Structure formats: C-alpha cells, structure tokens
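Data block below; observations after.
Everything numeric here is computed off the predicted structure, so don't read it as measured data.
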There are 2 protein chains.
Amino acid sequence: MSEQRVITDAVELLNKIEDLHPSDIAYSLKKIHSDNSATFFDTIKKIPEEFLGEVILELPEYLREDVYEELSIKQLTEAVDELDSDDATDIIQEIEGIDQNKAKEVFKGLEEEDQEEINWLKRYNQDEAGSYMQTELFSANIKESIQDSINRLKEGKEKDELENIHQVFIINDDKKLLASILLEDLIIFDFSKTYEEILNSHEENKFRPFVVQDKDDIDDVAKQFEKYDLSVVAVVGYQGMLMGRITSDDILDVIEENATEQMYQLAGVDDDFEHDDNLFTIAKKRGFWLFLNLGTAILASLVIGLFDETIQSYVALAILMPIVASMGGNAGTQTLAVMVRQMALGDIDFDNSKSAIKKEVVISLLNGLVFALVIGLIAWVWFDKALLGLVIAMSMIINLFSAGFFGASIPLLLKKFNIDPAIGSTVLLTTVTDIVGFFSFLMLAKVILL
Amino acid sequence: MSEQRVITDAVELLNKIEDLHPSDIAYSLKKIHSDNSATFFDTIKKIPEEFLGEVILELPEYLREDVYEELSIKQLTEAVDELDSDDATDIIQEIEGIDQNKAKEVFKGLEEEDQEEINWLKRYNQDEAGSYMQTELFSANIKESIQDSINRLKEGKEKDELENIHQVFIINDDKKLLASILLEDLIIFDFSKTYEEILNSHEENKFRPFVVQDKDDIDDVAKQFEKYDLSVVAVVGYQGMLMGRITSDDILDVIEENATEQMYQLAGVDDDFEHDDNLFTIAKKRGFWLFLNLGTAILASLVIGLFDETIQSYVALAILMPIVASMGGNAGTQTLAVMVRQMALGDIDFDNSKSAIKKEVVISLLNGLVFALVIGLIAWVWFDKALLGLVIAMSMIINLFSAGFFGASIPLLLKKFNIDPAIGSTVLLTTVTDIVGFFSFLMLAKVILL
C-alpha cells in the first residue's frame, strides 16, 4: 500500500482497473501521457464510466482540460452522473470554463434531481462552506425507527448513492437538523427504537451536532476541524435546515491550499493566477510585486545618492554597502516568516504580541552583536582601517535591531488594519531594512571616517 | 458553533466545564492566564480529572510546561490515566523533558497495561507512523460473530476506552490484520453472522484495509491520506500484526507542521528550535543561516571590489548598483517559492521539470524586458545619460533571466542529490542573483561607459 502503484502499460492498466484506486489510475495515466499523449487519450476513453469521473478528478489540471475536450458529451455525462454532487458540480463548472455549450449538453443529460443539486451548489462562492459540501448524506426523521433508517442506508449503499458515512443526521419534518448520532453509537442501540426515544433517553449534549452555516468561510470551517478534531461537519442553511456535510478529506485540501497561498504571498506570488495557461497573465501578476520592489530599490538608491561624495572619496563604502542591507533583509525575513505563520496558526495574537515582538528583537539583536563583531573584523582587515570596521559593526547592530522590530511589528500592524499579514509584509520590511541599512552605514561613515 | 466560546471568569468556566470542548476550555484558560497567571493555576487544579488531560493537550506549549510543574503527581497521573495511549505517551514524554522523577512517579501510578503501551509507543521516533498511532481500536477475530464484537464495542464505549471508531479491524489468532469493515457496512449486515462468513460472501477487495507500517515515515502516511481521501489507516508491525490506527485529525496536524516547516526553511528558520525557551538557542540556529548569507554578501562585495576604479570614476554606478541585484533576488524568490511548493505537492517532478524550468524562465524574462525598459528610462533621466540607461537595462534582463533559470533549477538539482529543496535553495539563489546582478551591471558599465 505504501508505495505508489504505477502501471505504464495501457492495456494492463485497463485490465487491472477494478482493483486500482482512482488516484493510482490517474497517476499511471499521467505517466502514460508523458510518454505518449495519443495512448493517454484512447486509454481514458476506454475507462468504464463508473470510474471515469473519479479518475478525471485526480488528474492534474492541465490534463483535465484536454480530457474535457477529447471526451464525448455522452462519456462526460455518464462520468458526471456517477459522482457526488460536489464533485459533479466541480466538473460541470470546469467544462463551462472551456466550452459553455458542451457543459450545457452534459448538464442536460443528468437526472433532474442532480441538476437541481448542481444548480444549488453553483450558487456558492469558492470560499463558502456550501461549495465544499456534498448533499449525499444519511439522515433520518426523528419519528423514524432506527431499523427503517438503516434499511434506507442499505438501499442507498446498494445504489452507490451513499458512501463514507460516519453518522446519521436526525431532522424534523421541516428538515431542521436536531442531532447527529455517530454510527459507533447507533450500532449498539436497539434498532426497534425510534430516534426520538433514543434522544430522550440521553442527556441533551451527547448528540449535539457540529454545525457550520452554508455561507461560513471555509477557512473558519477548517479551523474548527483542527480545533475539535472533527471528521465530518453538518452544513445548515436558512433556519437550521440540513443542507449537506463536509468531510475531513476536503479539509485536508483546504489546509494545503491555505499553506500554499501563504507561502506564495510571502514571496510575492498570487496562487489564483499561477495556474493560468497564459504566461503573460502570470508574469503580469508577479510583475506587480516586482514593481513595488523596484520602488523600494529606487528609494534605497536615493538614500545612497545622498552620500555620493562620501562614496567617491572612499570607494570601500560602495563595496561593503550591500552587506548590511542584505543581512538586515535576511534577519527580517526570518522574523517575518515566524510571525506570519504563528499568527495564522493562532499562536500569536494581539494578547501576546508585545512578548512576541520582544522575543524577535532580542533574537535579532543577539545575532546583530555577533555579526557586528565578525564583519567589523573582516572590514578592518580587508581595508586595513579599524574605523571602517567600527562603522560597519555599528550599522549592522542598528539594522538587525530594526529587522527584528519591524519584522515583528509590520505583520501585527497590517492585521490591526485587517490586511492579511502575509501580503505586503515583505516589501514593507525590505524597504525598512534597505533604507536603514544603507543610511546607517553611509551616515556613520560620513561622520566617523571623513 | 462557529465563533470561539471564551469564558474569562474562572468560576463560570468551572461550572460550565461539562458542556465545553477541551479546546474551548484551553482557549479560555489561555485568556485567564494572560490576565492573571495565579487564577489560571488554581483554576486548572480544579478541573475534573476526566477533562484535565484533554485540556492540557490543547494548551500552548509554554503553558503546558508550567502546568506540569504546578500540578501534583496525583493530578497528573489521573489526567494521563484518562487519555488514549498516544496522548498519554506525549504527556509523559513532555513531563520527562522537565522533571525526570516526576515523570517516573506519574508513570508508576498508571495501570500496568497502559505502562506497557506507553513504553511501546516511546520506542518510535517522532517521524515514524508508530508515534502517531493510538492502540485503542475496535478489532474482532475472524471467527467471532458480529453481535459478539458489537457487545464488546458497547462495553468499551461504556468504559470510555473506545471512541472515534470508524471501522472494525478483522484479525486472525496471530493478530494479523486481514480486513477492515466500515461501520456503515457493518451496520447493515446480519449480526448473527461471523466475520468469516461476511468476508467469504464478498469479493476479496471490498474490505481490503488501508495499511501502513509502524516504521513508515509519517509524511508518507499523510500523503496517502490526501491521495486516497482516508479518515483512518491501520498501523501494522512485524508480520502484518495489527498495532494501532492513525486518524485524520492527527494527519491534519502533520500537514500543518510540514507546511510550517517548509515556509520556515525557505526563510532560513528551523522549526524544531523555534519553540525553545532559550532565546540564545534560537538565535544560534538562525545565526547559522545568516552566517551563510554573510558569505554570499561578502562574495558580492568581492565582485564589486573588482570594479572599484570604475565606481570611483562614475559614482552613479554605486547608487544604481543595488537595484539590479534586488530585482533579481525577488524574481528568483517568486520562482523558488512556486517550485519548492509544487515539488512538495507532487505537481512538479523530474518528468515535467523541463517544462517547469522553461515556464519560469519565460515568465521571468517577460518581466525582465518590462523592467529593463522602466529602469532604463529612469536611469537615463535621473543621471541624464542614455548609455547608463542601456547598461542597467541590459543587466536587468540578464539577471532576471538567470533568476528564473536558477530559481527553477536549483531546487530540482538539490532534489537530484536528495537534499530537501526548501533547505539552502534561497541562499544558493541569492548568491547567484547578487553576483550576476552586480557583475553584469558593473562589467557592462566598464565596457560601455568608460
């Protein structure tokens, strides 16, 4: 189980397909594609419809799009028909992105009930819990007997409509969610009892369901999964009506995406555009960030410009100048990464912000002292001038101090103004460390050396 | 449910404690601590033992350590006694980290069976699947009837020994794992049947368990959870013996930690040492990275030193010099973040590495052309010298090209040598962009301007 099961022979893959997980099939197909895309396309056309949808979902985006173009409307319809509502909606929307009419045709081919569910799910924004929920779930009316509901579960499973079931959601006649009973509890109850009897014979909190609103931000939902160690939450809408459920496997993806987004933001990359086919679009997005950085760099140059005579009369300054700025930038980046991440994970908030800033300043200052000594000696020996060593040492301390202080304060400050700390922190920080770095070094040089 | 439930009044908190989730209790205690640590400590001492352990686990590390010191051996023993084997082991090991003898005393107070389990789990390294598994699970001998096993489940749940049960693991007399039946399947079977009858009446694959080895790397286990959308895996040891299980909530934490680690590595921070109480230790770890960066910076200075006369005779070069290097550094960081993350998520591997490099080079080059134009004009106007504009424009193109190329190649190269691409990529890249940036700019200036 541990190692990836790859089958690069198309015929063998199709023969073994029933024993393979869609994810493994997709991985093998990816390999086949990188060898020969023609083989890839007629292999995927031969995949039985009951697996096809799941396999498509596991393919990387660039292959999915080709597949939507290659597969017939009939094949796509059959594939989508086999999927849970949330996955079906995703595929329909992806096809829309490529070929409006084809998407319409596929949609028309689905059963009316599925069409309604898809239309419903399409109304949610990407970041709303509703767009992550699946409407297929196991629910029972409070008046119903356990045995009757289990018979329905049996039918649902035989028709492959229900899978990955962890609990039964108890609702009233208005579909309002009242309770959630885990299968591990349900299985030990007397099946002849009604749910009402069960609920009345236990204390109220025992079966209190974990609930999110369909309009809740999916990131908050993910936080709840982590906080409460959940494997499923119920999604309710207007007046607590049960609409669907979100399972932990969807949340794993959300957490991965958020981490990616954050890492990208710190580096000045916008995840939403990175997957665009048009490289100009990606370049434009990244260019915006580089443009801000150009501004920073020019500011730094203006600072240097203030000291052109100083540099002219003492060119060693030009040679050493970048060291202080770069050390400040790196120390600041360390602090920034820690702050942004800890804030995102909730370990640093406004309650303990003071101690966090203090901690970062101390760490940064400790290194400032060490590297002041090191670079001071190097500069002294290199240019055989003790005072030059003193100058660079002093400015190193000043800049690493400000790197720690601003690296810790900037993200907190941005959050105070409800700006995502990961966005913009870096460019603001480098502005500070560049300017402080060059100015302190050259100013000290002007005063002490000349 | 959506918003955090905070109770900052100690008395009220203790009254409501039965209705609160340990995570909410811990969050409230954290708030109480930030107001008044004395209140915090005597509140936590008053928490009933059946909740105490869970609450401690939800506290931030810096509070947990204080709690271990404050609470009596008796209280700690009772708290640990209530926990699952994996959590119990974690707490025992944390106490050991603070007070060996206290840990011994607490350990002695536990039932022999728990002691054995803890001793067993302690043998696993932090990164092995075994250290994440809990030994409490619902298993049944293949000869057993479903009804008998469900009766045992009932007892186990009444004794609070079993919770969060998703399936029954079927074993033979040697404890070898044979199958895993989800409760959603089990509940619809005829309970009078034995598991053997059930297994024989279904095709072999239906109940094939998802299995990992106890020594497997937990990161690989996490990858499997994502690949196969799992909520539980069985952990087996020697000869496929069932040892325990890992649930999705543990994997959520693993994924968060990995993302944090990666983000930190890119910024030159070592997560393992960030939580150390001793700021000198943290500073030392971060200092190592800064030391490498100092080397880079000095290399850059040496490059600049080659052109000291050029700079002396034309000081504008010193003023503009940092712009090219900084733009290259930022463009390279963008590429690096994308590559490292996509490689970690498995979207970029050696199969499609060529196209990935090409993509990054094109994007970087596109921006190179744009910013060459921009900075070229600025430099021309600023210093009223067209050739200076030409020089900086050309070197901008050269440096952003190499930023894209090396930003994409370095992580792939590191991976070829089995080095984690996130580690060291940044320092290697900045070395390149600094040197290429300064050298191309000053060399071109020397040739064209003088």
Side-chain angles (χ1 to χ4, degrees), chain A residues 1-2 19 21 23 34 150 153-154 165 183-184 187-188 205 210-211 216 226-229 231 248-249 252 255 259-260 263-264 267-269 279 282-283 286-287 290 293 297 300-301 304-305 308 311-312 315 318-320 322-323 326 330-331 333-334 337-338 341 347 351 362-363 366-367 370, chain B residues 1-2 19 21 23 34 150 153-154 165 183-184 187-188 205 210-212 216 226-229 231 248-249 252 255 259-260 263-264 267-269 279 282-283 286-287 290 293 297 300-301 304-305 308 311-312 315 318-320 322-323 326 330-331 333-334 337-338 341 351 362-363 366-367 370:
Chain A
M1 205 78 250
S2 285
D19 306 341
H21 187 286
S23 159
S34 61
I150 287 176
L153 173 64
K154 191 169 183 178
I165 301 298
L183 294 188
E184 65 184 272
I187 200 168
I188 60 183
N205 281 327
F210 276 93
V211 174
D216 283 352
E226 295 181 87
K227 249 170 69 50
Y228 300 117
D229 295 342
S231 47
S248 59
D249 54 302
L252 282 184
I255 288 175
T260 306
M263 208 179 288
Y264 280 11
V269 177
L279 295 188
I282 303 178
R286 293 200 200 170
L290 292 175
N293 176 69
S301 298
I304 300 170
D308 50 355
I311 292 169
Q312 197 129 35
V315 74
I319 296 169
L320 294 173
I323 295 178
S326 125
N330 279 271
T333 308
Q334 291 178 322
V338 173
R341 188 60 179 163
D347 297 340
D351 296 335
V362 172
I363 293 171
L366 283 170
N367 279 320
V370 174
Chain B
M1 205 78 246
S2 285
D19 306 340
H21 188 285
S23 156
S34 62
I150 289 176
L153 173 64
K154 190 170 183 177
I165 301 298
L183 294 187
E184 65 184 275
I187 200 168
I188 61 184
N205 281 328
F210 277 93
V211 174
V212 299
D216 282 354
E226 294 182 90
K227 247 169 74 46
Y228 300 116
D229 295 342
S231 46
S248 59
D249 53 301
L252 281 184
I255 287 176
T260 306
M263 207 179 291
Y264 281 10
V269 177
L279 295 188
I282 304 178
R286 293 201 201 170
L290 292 175
N293 176 68
S301 298
I304 300 169
D308 51 354
I311 293 169
Q312 198 132 33
V315 73
I319 295 170
L320 294 174
I323 295 178
S326 125
N330 279 270
T333 309
Q334 291 179 323
V338 173
R341 188 60 178 162
D351 295 335
V362 172
I363 293 171
L366 284 170
N367 279 320
V370 173

### Task
Just jot down the side-chain contact (heavy atoms from CB on, under 4.5 Å) partners of A:Leu366, sequence neighbours excluded, or say none.
A:Val362, B:Phe280, B:Ala283

### Message
Looking only at heavy atoms and a cut-off of under 4.5 Å, which of B:Ile311, B:Thr333, B:Leu290, B:Leu279 has the most pairs with chain A?
### Response
B:Leu290

#### Entry: Result of checking B:Leu320, B:Ile319, B:Val315 against A:Ile304 for side-chain contact (heavy atoms from CB on, under 4.5 Å)
B:Ile319

### Task
Look at A:Asp308, A:Val269, A:Ile323 and state which one has the largest set of heavy-atom pairs under 4.5 Å with chain B.
A:Ile323

#### Entry: B:Ile255 side chain reached by B:Glu226 side chain, heavy atoms, under 4.5 Å
yes

### Query
With only heavy atoms counted, which part of A:Ala300 is less than 4.5 Å from chain B, the side chain, the backbone, both or neither?
neither

### Task
Please name all residues satisfying side-chain contact (heavy atoms from CB on, under 4.5 Å) with A:Thr260, sequence neighbours left out, ordered by chain then number.
A:Tyr264, A:Asp271, B:Arg341, B:Leu345

### Query
Side chain, backbone, both or neither: which part of A:Asn205 has a non-hydrogen atom closer than 4.5 Å to chain B?
side chain

### Query
Under 4.5 Å between any side-chain heavy atoms of A:Leu252 and B:Ser248, yes or no?
no

#### Entry: Selection from B:Ser231, B:Ala259, B:Gly287, B:Ala331 maximising heavy-atom pairs under 4.5 Å formed with chain A
B:Gly287

### Task
Work out which heavy atom in B:His21 is nearest to a heavy atom in A:Lys227; give both atom names and the distance.
CE1-O, 3.7 Å

#### Entry: When A:Lys154, A:Met263, A:Glu184 are compared by non-hydrogen pairs under 4.5 Å with chain B, the top option
A:Glu184

### Task
Just give me the residue among A:Val338, A:Val370, A:Leu153 that pairs up with chain B most often, heavy atom to heavy atom, under 4.5 Å.
A:Val338

#### Entry: Contact origin within A:Asn330 toward chain B - heavy atom pairs under 4.5 Å
both

